[in-house]
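Have a look at the structure below, then the notes.
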2 protein chains.
Amino acid sequence: MATMHDVARLAQVSVSTVSYVLTGTRPISQATRNRVLAAMAELDYQPNAMARGLASRRSRILGLLMPMDERGLGATETAFVTGAAAAASAAGYHLVLSPVGGGNLDDLRRLASQRMLDGVVLMEVQLADERVTVLQEAGVPLVLIGRTGDTSTLSYVDIDFDQTVREAVAHLVGLGHRRIVYVNHSAATLASGYGPALRTRDAFTAAMTGHGLEPVMIAAEDSAAGGRAALAAAFARTPELTAVLAMNETAIFGILGELTGRGLSVPDDVSVVSMVTSPQVAELATPALTAMTSPGSALGRIAIEALVRHLDGSAVDRHQQLLPCALEVRGSTAAPRSRQPMGADQ
Amino acid sequence: MATMHDVARLAQVSVSTVSYVLTGTRPISQATRNRVLAAMAELDYQPNAMARGLASRRSRILGLLMPMDERGLGATETAFVTGAAAAASAAGYHLVLSPVGGGNLDDLRRLASQRMLDGVVLMEVQLADERVTVLQEAGVPLVLIGRTGDTSTLSYVDIDFDQTVREAVAHLVGLGHRRIVYVNHSAATLASGYGPALRTRDAFTAAMTGHGLEPVMIAAEDSAAGGRAALAAAFARTPELTAVLAMNETAIFGILGELTGRGLSVPDDVSVVSMVTSPQVAELATPALTAMTSPGSALGRIAIEALVRHLDGSAVDRHQQLLPCALEVRGSTAAPRSRQPMGADQ
DNA sequence: ACACGTCGTCGAAGCGTTTCGACGAAGCGG
DNA sequence: CCGCTTCGTCGAAACGCTTCGACGACGTGT
């Protein structure tokens, strides 16, 4: 393994000159630069990341902390990751994913304090997230995907749930639906302070009320069985329901199954809209689901870019941004059978 | 940020003594050790990972290289990851996931040559995988999850596809099925040399032939539409089919939809078995799928443990191991309607 | 022609560890 | 009681890089 000394000797320059060629920190004449570059190529030189990190006090590694819980990453989360990885690579950083589960907060503390990460992006942030505290105490630059309860001091990128829910509801109302049920994540998830669940709940209430309609929300366990139970509960509360809006990607398959089981057809009897869903998942269902497609890779990219700007010092203040999901109409929504669609002109 | 010097000064010992306490490389008296430990605690000392890595020439970081393609990680892959992370943590290593997609082989080469990773575990290995070559050239210790074509020289852990397919087929045959169609991954995937697809194909042929039955395999695109098309093709080739064995987790939802669309019920008209599937996914379908459950976290754990043993020098030879999937009977398989189940006693 | 920047390069001092050789103090058999 | 290990500790030399101060060699404005 060739070192800088070897390169310097071969190119007949000092070690520091080689370093300057590599980092561009100081001007180097074209002639010298070429000699150095040639020497590097000949020796197949690769800088030692550890030595670099030690001397410069920055590792050029960014962490993407993702909770790896029971259910795997959906296509949505995967899009975050690929977007982030591409952005990091473009900025000359490595991106490592760290599967910090719930328990190992100490693991996280260690990782952070060991100065191995220049900065981190945190996924799936809770309203009150201990990880944020740990990282802030360790002085690690931080960008969130999602938001904590108090958004004032931190950088974040998140989905604009308010706008997304409003659009979904408007789509259904525009088709003529009046009895719309919202299937959210489980009660436990809501109680734990999971931002998306809470924000969509509030947004749904606001949107429905705005249309003069009654907001009915059901909390469903994240499983097919949970979806089934939720639908049963929905019919119990609102027998004439004609549309379901679902945040719970897992439950939605149970909902569809139960609908079919009751002899109801989608979309003729009941329309279904899935929230924050990737096209891949939406296409899995029969018929394919009308869904609010999450901005996916853009979220990851923007988060990394904000973090890098912060590290490079080109931006000192925090970055806060919301991205809406886009409505993609597929086969699971239609006008309700019992009445004609109501356009704005009626 | 406290350094070793600070700890040494506070504990009134030399720096090297502190290091010995930390690493256990040389004996240290209990009294001194306690003084040092106390000093560390008081200063909230955390060793600098870079400095450690530079001096010791080992980073204590393990890489898990996973391809992050279009479709996200299923629960199966997630289980690999969590298993691996737990094992690495237990062995005192950090585990970082690197999303190396198809294109960036150079990225990989760089990562490998920069001596930032002590060793790597490679997921989703192709029969002819360039990444293996790159890493071997860079001299990075390597364990595969999956197998290359030539398995002789490398360490790997993989699913025992032969055994898994045999068991799945035996289950269906035991219920009385004779016309069984195997829905594999796409023709393109097969052509690209994706091991699981090829091995299950061969295993299916062998298993069916062993029962004196005709093996019919359909290649399906990884999408719901692909599943539908595959089922249509299956009925065209084998109109009296009573059972479907599916490797393609994505296509299976299309298959189920198409079955329902044709007015066929699962499992009364057609039985369905899903291969290498996680319980979570199996439960999404209605009825829940009988499936061959992948060994999940065990794969990840075993791979990491093998790698660590290699790095610690406690094992020099390669580790090769196959784990079967476990049959979990749920609601999607039953005796075919047209004839009685055939037990061994008939 | 003179002081004065700027450019391109060098040498050396770190960065925070590990690790090697050395060395006094015990402990031990003879 | 002497020479020998073994134990516990120390000081110093790496590890491979970045970065700072210095220093000629040149333009440049005056």
Side-chain angles (χ1 to χ4, degrees), chain A residues 1-37 39-40 43-61 92 94 110 113-118 311-313, chain B residues 1-37 39-40 43-61 92 94 110 113-118 311-313:
Chain A
M1 198 96 317
T3 76
M4 254 191 173
H5 281 89
D6 303 328
V7 175
R9 196 173 328 120
L10 183 60
Q12 317 231 52
V13 296
S14 74
V15 200
S16 43
T17 302
V18 178
S19 175
Y20 293 134
V21 168
L22 217 52
T23 61
T25 320
R26 285 194 187 180
I28 295 289
S29 73
Q30 196 57 49
T32 315
R33 178 194 314 281
N34 290 149
R35 279 217 316 286
V36 171
L37 257 20
M40 284 182 180
L43 295 174
D44 193 22
Y45 168 75
Q46 289 291 132
N48 179 309
M50 296 286 157
R52 232 172 208 268
L54 179 57
S56 66
R57 270 163 298 277
R58 30 191 15 245
S59 62
R60 302 202 75 80
I61 303 181
H94 281 300
R110 197 143 27 88
S113 314
Q114 286 185 156
R115 317 269 90 188
M116 165 158 288
L117 263 26
D118 283 355
L311 292 176
D312 292 353
Chain B
M1 196 98 314
T3 76
M4 254 189 173
H5 282 89
D6 304 327
V7 175
R9 193 170 332 120
L10 184 60
Q12 317 231 53
V13 297
S14 74
V15 203
S16 43
T17 301
V18 178
S19 175
Y20 294 134
V21 167
L22 218 50
T23 61
T25 321
R26 285 195 187 179
I28 295 289
S29 71
Q30 196 56 49
T32 318
R33 179 194 314 282
N34 289 151
R35 278 217 317 287
V36 171
L37 258 19
M40 285 182 178
L43 296 174
D44 194 22
Y45 168 74
Q46 288 292 131
N48 179 309
M50 297 285 158
R52 233 175 209 268
L54 177 58
S56 66
R57 272 162 298 281
R58 29 189 20 242
S59 62
R60 300 201 77 80
I61 304 182
H94 283 299
R110 198 143 23 89
S113 315
Q114 287 186 154
R115 316 271 89 188
M116 165 157 289
L117 263 26
D118 283 356
L311 292 176
D312 292 354

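Chain A is the first sequence line, chain B the second, and so forth, proteins listed ahead of strands; every chain is numbered from 1.
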For DNA chain C, the residues among residues 1-9 of chain B that have a non-hydrogen atom under 4.0 Å from it: B:Thr3, B:Met4, B:His5
Closest-nucleotide ordering on DNA chain D, the 5'-leading residue of B:Arg33 and B:Ala51: B:Arg33
Atom-pair distance (CG on B:Leu54; C1' on D:dC17), nearest Å: 8 Å
B:Ser16 and B:Ser19 side chains, donor-acceptor separation under 3.5 Å: no
A:Arg52/B:Gln114 under side-chain contact (heavy atoms from CB on, under 4.5 Å): CA gap, chis, key distance, verdict: CA-CA 10 Å; A:Arg52 232 172 208 268; B:Gln114 287 186 154; 5.7 Å; no
Check: A:Gly53 main-chain N/O paired with A:Ser59 side-chain donor or acceptor under 3.5 Å: no
Integer-rounded Å distance: C:dG16 P and B:Leu43 CG: 14 Å
Integer-rounded Å distance: C:dT18 P and B:Arg115 CZ: 19 Å
Approximate separation, where rounding is to 0.5 Å, of B:Leu311 CG and B:Arg60 CZ: 9.0 Å
Atom pair distance, as rounded to whole Å: CD in B:Gln46 and C1' in C:dC15: 18 Å
side-chain contact (heavy atoms from CB on, under 4.5 Å), paired with A:Val18, selected from A:Val13, A:Thr23, A:Thr3: A:Val13
Distance in angstrom units between B:Arg52 CZ and C:dT19 C1', rounded: 13 Å
Positions of residues 17-31 of chain B (non-hydrogen atom under 4.0 Å from DNA chain C), listed by number: B:Ser19, B:Tyr20, B:Thr23, B:Arg26
Terminal axis angle for the helix from C:dA1-D:dT30 to C:dG30-D:dC1, five pairs an end, nearest 10 degrees: 30°
Phosphate OP1/OP2 of D:dT18 contacted by A:Ser56 side-chain N/O (<4.0 Å): no
Any donor-acceptor pair under 3.5 Å from A:Arg57 side chain to A:Ala55 backbone: yes
Nucleotide nearest B:Ala55 when distance is taken to its side chain, options D:dC17, C:dG8, C:dT18: C:dT18
d(CG, B:Asn48; C1', C:dT17) in whole Å: 8 Å
Rounded distance in Å - CZ (B:Arg60) to P (C:dT18): 11 Å
Note, B:Leu22 side chain near B:Tyr45 side chain (heavy atom, < 4.5 Å): yes
Euclidean distance, B:Asp312 CG relative to B:Arg58 CZ, rounded to 0.5 Å: 6.0 Å
Main-chain N/O of A:Met50 paired with B:Arg115 side-chain donor or acceptor, under 3.5 Å: no
Candidate pair A:Asn48 and A:Met1, rule side-chain contact (heavy atoms from CB on, under 4.5 Å), full reasoning: CA-CA 9 Å; A:Asn48 179 309; A:Met1 198 96 317; over 6 Å; no
Between P of C:dT18 and CE of A:Met50, the distance in whole Å: 13 Å
Exam field: side chain A:Arg33 to backbone A:Ile28, donor-acceptor pair closer than 3.5 Å: yes
